[in-house]
Amino acid sequence: MATRMHDTKELQRAPARPAPAAEAYDVEGIRADFPILYRDVYGKPLVYLDNAASAQKPRQVIEAMDHVYRFEYANVHRGLHFLSNLSTSKYEDARELVQRFLNAGSQDEIVFTRNATAAINLVADSFGALRIGEGDEIVLSIMEHHSNIVPWHFLRERRGAVLKWAPIADDGELLVDEFERLLTPRTKLVAITHMSNVLGTVVPIKEIVRMAHARGIPVLVDGSQSAVHMAVDVRDLDCDFYVFTGHKTYGPTGIGVLYAKKAHLEAMRPYQGGGNMIESVHVDRITYGKPPQKFEAGTPPIVEAIGLGAALNYMMQVGRDKIGHHEAELVAYAHARLAELPWLKIYGTAPGKGAIVSFTVDGLHPHDVATVIDRSGVAVRAGHHCAQPLMERLGVTAVCRASFAMYNTKGEVDALVEALKRARELFT
Ligand SMILES: Cc1ncc(COP(=O)(O)O)c(C=O)c1O
């Protein structure tokens with residue numbers, strides 16, 4: 001049966017569901033929007049606790065994308081026909097939603113990329129070419145995801161840049177004084193996570209930015225984990241660059257975001273060349289378009305951007321503070337319940353940490369733990385989580401990670417605990 005045609009603006013902007021009453025957090029109502037949460041695995045109800053790797057999608061996102069493909073799809077920006085104009089306006093509406101989501105000053109500061117990794121590579125390449133040379137220093141934290149490490153290693157290999165690493169305390173908190181001591185006249189960039197994907201540590205970005213800016217050093221924030229768990233205001237943070245990835249914020253894969261202050265985007269060379277990003281091309285010269293188009297070479301991920309817009313809209317409708325509050329309760333409950341298990345060790349207990357709990361079980365390899373509890377329907381991730389320098393700091397090669405989303409419940413934390421007990425019994 002054909003889907004009913006919706007007004008396109010309404011699809012993106014209409015409340016996902018009636019907004020919850022002021023204080024209430026209607027987790028069951030939210031769950032009802034995520035079809036996949038109702039499936040079984042191995043005959044058991046799915047308990048999806050792998051949200052830090054990728055979050056599930058509400059039907060509002062699925063339907064928004066389906067609707068575009070059925071009724072509104074065409075390439076953007078270069079058409080003079082109805083559908084192309086419609087697609088373009090929806091694509092640009094999505095940019096406006098991202099701007100609102102981050103409280104950026106202008107839509108021109110929002111560049112769509114393939115994911116967070118592509119956004120960081122863009123900055124490493126374009127900003128690196130502009131500002132980072134032999135002997136120049138880039139300060140990272142030891143908690144970074146490989147996405148915020150490897151592009152800087154490229155600059156080390158290709159241009160002789162020097163990487164410096166801000167340490168953490170044993171509870172996972174960033175040692176801010178030690179961080180500040182790493183800043184020197186040779187420091188050209190700080191590239192740091194807002195929230196660790198392993199420890200859940202939330203980094204005091206405003207303080208980091210203040211320290212860096214006092215020395216004229218720009219700051220890139222990897223918001224891949226923070227964007228989904230807390231309200232982010234890039235103007236308040238005053239960071240120069242902020243990146244996040246669509247699939248972790250309940251949106252589709254294949255879409256990410258680079259926020260950058262306009263002055264940086266104007267000064268930086270384009271990252272890739274092709275259609276869409278030029279002003280004019282001649283046989284002997286070329287001029288580039290203005291940001292953000294200057295950084296969006298080729299046909300962009302049109303439907304993915306629209307899907308991301310629907311996801312961010314959904315989060316804003318539920319209320320990011322409410323989501324944050326719900327997840328803070330969940331992570332506190334998870335810590336309390338897991339503390340009942342004397343054979344389990346938690347990594348990351350910094351004050352104010354986000355909704356991620358990493359752990360190991362005495363005598364068992366994290367992969368075995370994850371594989372066994374999967375049979376109970378409980379999905380967690382095990383491994384180095386693309387954070388090998390952090391694993392070295394923690395003295396482990398792998399950990400299990402349970403990570404929570406707006407739709408998780410305390411009952412699911414209980415299911416995790418029971419599955420872990422059964423796994424332990426199986427092996428001992
Ligand atoms: C902190 C952090 N940064 C960056 C990334 C990379 O995201 P993507 O693979 O979507 O580019 C991830 C994904 O796991 C992450 O957790």
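Both ligands and their constituent atoms are indexed starting at 1 by order of listing.
- Here the two rings, on Y91 and H77, have centers that are under 6.0 Å apart.
- Just one residue in the list V303, N75, V76 forms a side chain to side chain contact (heavy atoms under 4.5 Å, CB included) with S87, and that residue is V76.
- The shortest heavy-atom distance from E144 to ligand 1 is not under 4.0 Å.
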Checking D374 against V378 for the side-chain contact (heavy atoms from CB on, under 4.5 Å) test, could you report, in this order, the C-alpha distance in whole Å, the side-chain angles of both residues, the deciding distance, and whether it holds? CA-CA 5 Å; D374 179 47; V378 180; over 6 Å; no
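- Those atoms of ligand 1 that come under 4.0 Å of a heavy atom in A116, given as number and element, are 7 (O), 11 (O).
- Of all atoms in ligand 1, listed by their number and element, those nearer than 4.0 Å to a heavy atom of Q225 are 1 (C), 15 (C), 16 (O).
- The aromatic ring centroids of Y271 and F295 lie 6.0 Å or more from each other.
- Checked against a 3.5 angstrom limit, the closest N/O atoms of A118 and ligand 1 fall outside it.
- Considering backbone and side-chain N/O atoms, T193 never comes within less than 3.5 Å of an N/O atom of ligand 1.
- Aromatic rings of H264 and F241 (six-membered ring for Trp) have centroids within the 6.0 Å cut-off, being under it.
- Residue contacts with ligand 1: H385 is excluded, as none of its non-hydrogen atoms falls under 4.0 Å.
- Ligand 1 has no atom lying under 4.0 Å from any heavy atom of N148.
- Cation-pi geometry between R131 and F127 is not satisfied (NZ or CZ under 6.0 Å from the ring centre, within 45° of the ring normal).
- For ligand 1, none of its N or O atoms has an N or O atom of S147 under 3.5 Å away.
- Nearest protein neighbour of atom 15 (C) of ligand 1, counting heavy atoms only, is H145 CD2, 3.3 Å.
- Shown in contact with D222 at under 4.0 Å from a heavy atom are these atoms of ligand 1, numbered in order with element: 1 (C), 2 (C), 3 (N), 4 (C).
- The pair D66-R70 counts as a salt bridge, with a side-chain nitrogen and a carboxylate oxygen less than 4.0 angstrom apart.
- In terms of protein heavy-atom proximity, atom 4 (C) of ligand 1 is nearest to S224 OG, 3.2 Å.
- For atom 11 (O) of ligand 1, the closest heavy atom belonging to the protein is T117 OG1, 2.5 Å.
- Between F101 and Y259, the gap from one ring centroid to the other reaches at least 6.0 Å.
- Protein heavy atom nearest atom 14 (O) of ligand 1, with residue, atom name and distance: K248 NZ, 2.5 Å.
- Nearest heavy atom pair, residue R401 against residue A52, reads CZ-CB, 3.5 Å.
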